[in-house]
Amino acid sequence: MSRQTLFVDVIVPVPMRQTFTYRVPLDMNDKVAPGKRVVVAFGKKRNYTGLIRRVHENPPEVYKAKYIDAVLDESPIVYDWQFAFWEWMAHYYMCGIGEVMNAAIPSGLKLNSEQYLVRHPDSEVNYDELNDKEYLIAEAIEIQQRIKLDDVQAILGIKTIQPIVKSLIDKRVVVMEDELRARYKPKFETFVHLNSRYENEADLNDLLDQLQSNNRSVKQLEVLLAFLHFKEQVAPQRVVKRELLEFSGGSSSSLNTLIKKDVLVLEEDVVNRIQDMDNELNMIKALSEAQEKAKNEIKEGFDDNKPVLLHGVTSSGKTEIYVSLIQEVIDKGEQVLFMIPEIALTTQLIRRLQNYFGDRIGIFHSKFGQNERVEVWQRSMSEGDDRFDILVGARSSLFLPFRNLGLIIIDEEHENTFKQYDPAPRYHARDAAMVLAHEHQANVLMGTATPSIESYWLAEEGKYHLVEINKRYGDVKMPEILCADLKKEQREKTMHSHFSSFLVKQIEEAIEAKEQIILFQNRRGYTPMWVCNECGWVPQCVRCDVSLTYHKQAHLLNCHYCGYAIHPPRKCDGCGSTELEMKGFGTEKIEDEIKVIFPNISVSRLDLDTTRSKHSYQRIIESFSNREIDVLIGTQMVSKGLDFDNVSLVGVLSADQMLNYPDFRSFERAYQLMSQVAGRAGRNKKRGKVIIQTYQPDHWIIQQVIDSNYKKMYQQELFERKNFSYPPFFRMIQFTVKHRDKEMARRNAELLASKLTEVFKNRILGPQDPMVARVNNLYIKQIILKLERELSNKKVRNIIWDILKDLESDKDFKSSRIMIDVDPT
Ligand code: ADP
Ligand code: ZN
Ligand code: ZN
């Protein structure tokens with residue numbers, strides 16, 4: 001054991017910008033190393049799990065170092081290069097290194113003292129194997145069901161409990177509660193079977209007749225039919241009770257009656273968490289000439305050490321190009337990071353990749369349980385055969401501990417879900433990926449049919465290498481895009497509520513031809529607003545400055561910002577009138593209307609409300625893809641990367657809602673959304689059709705969607721951006737000031753704005769109210785800083801930190817919450 005006095009700099013999970021220095025007890029000298037977790041006291045609290053950043057011999061100058069309490073790891077869980085990446089992120093996005101660490105490390109590795117411990121569901125504890133302290137905890141959990149880590153400390157009467165907790169977890173005596181919720185609960189499901197007595201068709205028919213003949217058993221008949229349908233169409237292997245009830249909309253009491261009658265049988269069983277994959281892997285497709293050419297150009301860009309922007313129209317075969325490149329990279333023994341906007345919405349794509357690469361793929365998903373995430377983390381850095389070669393994930397996959405990263409693919413690079421809003425770090429995964437790639441000398445490939453203005457501009461400036469594919473794979477034609485002129489139809493009174501007769505006619509034809517239809521309405525709920533016909537009053541959220549949205553199925557008015565919900569009022573709050581009218585329309589309303597216009601077709605809806613349960617998204621997509629659904633109505637969820645071969649018609653219900661949104665990116669977004677959703681049409685032999693309903697058929701954005709003319713849209717938009725000093729010509733930093741008190745919010749925002757203006761002059765805009773100026777009872781003001789691209793990032797940030805530090809002495813100012821958002825989207 002060395003007798004040296006060592007110190008460690010520790011990253012503590014708090015929103016502070018610096019690390020903190022602790023002293024190492026002599027007996028831990030051999031255990032400390034950068035990247036290992038340690039338990040330290042910080043502020044008033046003990047028991048933070050931090051990470052060792054550095055080991056050195058220099059005591060801190062201004063304070064007396066406390067001792068670290070324990071070292072948790074045998075070997076580092078974070079690589080050195082990750083620290084450099086985190087530090088870049090904390091600096092660029094102006095947040096604390098501890099906040100970056102929090103975002104980066106799966107919470108399963110954190111052991112936070114607010115968490116609860118519960119009994120391991122599969123625990124077969126042999127109490128003889130536990131030492132006294134472990135025994136005490138195990139016993140306490142048997143009695144109390146769950147205990148907080150803080151209380152463990154009290155029970156044991158010692159401060160450093162993490163090693164004991166870790167040992168209990170390793171021995172499978174306890175688990176962290178959030179992990180239990182995420183992982184172990186769904187492990188047991190109740191399945192529903194048909195009693196084998198009725199497997200014979202004649203007997204089954206007898207039973208159905210019998211139920212039908214009695215008025216009192218109609219409900220049971222409905223549930224039984226739903227069961228049979230569900231089993232046949234949706235879940236041939238096993239029917240999960242919960243899903244069946246959800247699917248049939250039936251009550252559990254009818255189901256229970258059928259169970260009492262021994263028609264249906266329940267069975268509790270273990271389910272596999274990750275669905276079994278087909279064992280047979282698919283052969284990688286031979287690329288077409290156009291794809292081959294694009295692939296070679298991509299590699300030229302790599303040779304040139306430039307990130308590559310692949311601009312390929314929808315269905316041009318980008319995914320197959322990725323696959324071919326991935327194969328080459330993993331053949332060299334390097335890893336690939338494949339970033340996608342959202343896991344839940346890209347199951348089709350993930351399945352495709354799994355069919356090619358099987359279990360060499362690790363999927364990093366925030367909805368997965370902690371153990372699974374920790375497993376992906378460990379297998380990403382593993383040196384053995386179990387190492388994942390391909391890591392697929394949304395933005396946070398960027399933080400995985402790669403061993404030998406060769407390529408980063410960013411699919412749908414224009415998607416704004418790559419940007420994290422809350423909490424800090426508010427990073428953009430696409431931009432951060434450039435830095436990550438640089439550290440690994442890895443290549444970057446961004447793919448999209450509708451590049452972000454920024455990326456396309458960087459390509460034009462020569463910073464990115466641009467590769468374009470203008471044709472769909474197999475020479476499938478781009479869809480024909482037409483407008484339905486709502487002004488004209490309204491004048492001529494040919495509208496069927498929100499449907500133009502033009503769109504109705506196209507739907508008719510598609511149904512006639514047994515083709516499928518997607519309808520896009522970028523708003524969920526039934527109608528956005530209830531409006532008083534007399535005085536214009538609209539029910540508002542009590543906690544936010546926003547009107548409530550009506551949800552018909554739940555019969556509630558909901559706040560989409562904070563979740564507040566009330567029953568719809570019968571009378572106007574303003575004038576007492578009972579003449580309340582619904583204005584505007586969401587997906588739920590569209591669903592109702594189409595069922596009235598076309599009563600005999602099968603309609604389904606894909607939005608946040610219909611996809612809350614775990615597999616519902618998957619189920620809807622599968623039934624649509626099996627052609628059990630004729631019309632799929634959805635929010636932007638239907639615009640994302642779906643590949644159905646029988647969709648011949650896409651309808652955009654209201655282009656105007658998108659165009660009129662007050663944001664400098666709204667035109668760019670509207671173009672992207674409409675083009676993406678249009679791209680779902682006619683991905684097969686027959687040319688697809690897209691109908692855009694709008695009051696402004698001559699709007700230039702709509703014209704360019706119709707012409708599929710990205711370039712022209714880009715040039716015009718770029719001109720506007722330049723004129724009004726927006727990105728990509730200027731960088732933006734947005735400051736948000738929040739306060740419970742309205743006046744304080746105003747005062748503090750003005751104070752900050754005036755300090756910033758002293759330095760940045762007219763680059764400062766505001767303070768101003770955001771679109772929703774109060775959320776969850778906090779008043780919000782925003783200040784925007786626009787910076788010329790040439791200005792030094794470092795200088796700007798230092799100035800801002802100095803200003804904020806100065807303002808700390810102002811007690812009132814300190815009472816408000818300040819958020820900094822670099823490159824807001
Ligand atoms: P994108 O990612 O550009 O939207 P996809 O890769 O999904 O395009 O390709 C569109 C369709 O064409 C898919 O159904 C895909 O299977 C098919 N496809 C693309 N490239 C090939 C190829 N080289 N051989 C066979 N089929 C292909
Ligand atoms: Zn609210
Ligand atoms: Zn009124």
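Both ligands and their constituent atoms are indexed starting at 1 by order of listing. Nothing fancy with the numbering, it's 1 onward along the sequence.
Less than 2.8 Å away from the Zn ion (ligand 2), the protein contributes these N/O/S atoms: Cys541 SG, Cys544 SG, Cys559 SG, Cys562 SG. Shown here are the protein N/O/S atoms lying under 2.8 Å from the Zn ion (ligand 3), water excluded: Cys532 SG, Cys535 SG, Cys572 SG, Cys575 SG.
Nearest heavy-atom pair, Leu580 versus Pro569, reported as atom, atom and distance to 0.1 Å: CD1-O, 3.4 Å.
Of the candidates Arg669, Gln676, His311, Gln672, Gln676 is the only one forming a side chain to side chain donor-acceptor pair (under 3.5 Å) with Thr450. Residue Asp475 forms a salt bridge (Lys or Arg N to Asp or Glu O under 4.0 Å) with just one option from Arg472, Lys477, Lys471, and that option is Lys471. A side chain to side chain donor-acceptor pair (under 3.5 Å) with Ser452 is found for exactly one of Glu668, Glu415, Glu413, namely Glu413.
Two residues are said to be in side-chain contact when any heavy atoms from C-beta on lie closer than 4.5 Å; Lys689 and Pro479 fail this criterion. For the pair Leu556 and His567, the minimum side-chain heavy-atom distance is below 4.5 Å. With a 4.5 Å cut-off on side-chain heavy atoms, Val631 and Gln516 do not count as touching. In this structure, the side chains of Ile780 and Val737 stay at 4.5 Å or more apart for every pair of heavy atoms. Counting heavy atoms from C-beta on, the side chains of Glu412 and Pro341 come closer than 4.5 Å.
Residue contacts with ligand 1 for Arg352 involve side-chain atoms from C-beta outward but no N, CA, C or O (heavy atoms, distance under 4.0 Å). Contacts between Gln291 and ligand 1 below 4.0 angstrom, taking non-hydrogen atoms only, involve the side chain exclusively. Contacts between Glu320 and ligand 1 below 4.0 angstrom, taking non-hydrogen atoms only, involve backbone and side chain alike.
Residue-ligand proximity: Ser316 is placed with a non-hydrogen atom under 4.0 Å from ligand 1.
At distances below 3.5 Å, not a single donor-acceptor pair connects side-chain atoms of Gln506 with backbone N or O atoms of Ile691. Looking at Asp630, its side chain does come within 3.5 Å of a backbone N or O of Ser602 through a donor-acceptor pair.
Per-residue contacts place Ala286 under 4.0 angstrom from the following atoms of ligand 1 (heavy atoms of the residue considered): 22 (C), 23 (N), 24 (N).
Salt bridge annotation for Glu454-Arg665: present, with a cationic side-chain nitrogen under 4.0 angstrom from a carboxylate oxygen.
Thr448 OG1 to Lys318 NZ: the interatomic distance, rounded to the nearest 0.5 Å, is 6.5 Å.
Residue-to-ligand polar distances keep Thr314 apart from ligand 1: every N/O pair is separated by 3.5 Å or more. Between Leu287 and ligand 1, no pair of N/O atoms sits closer than 3.5 Å.
Compare Glu289, Lys318, Glu412 by their heavy atoms: the one nearest to atom 1 (P) of ligand 1 is in Lys318.
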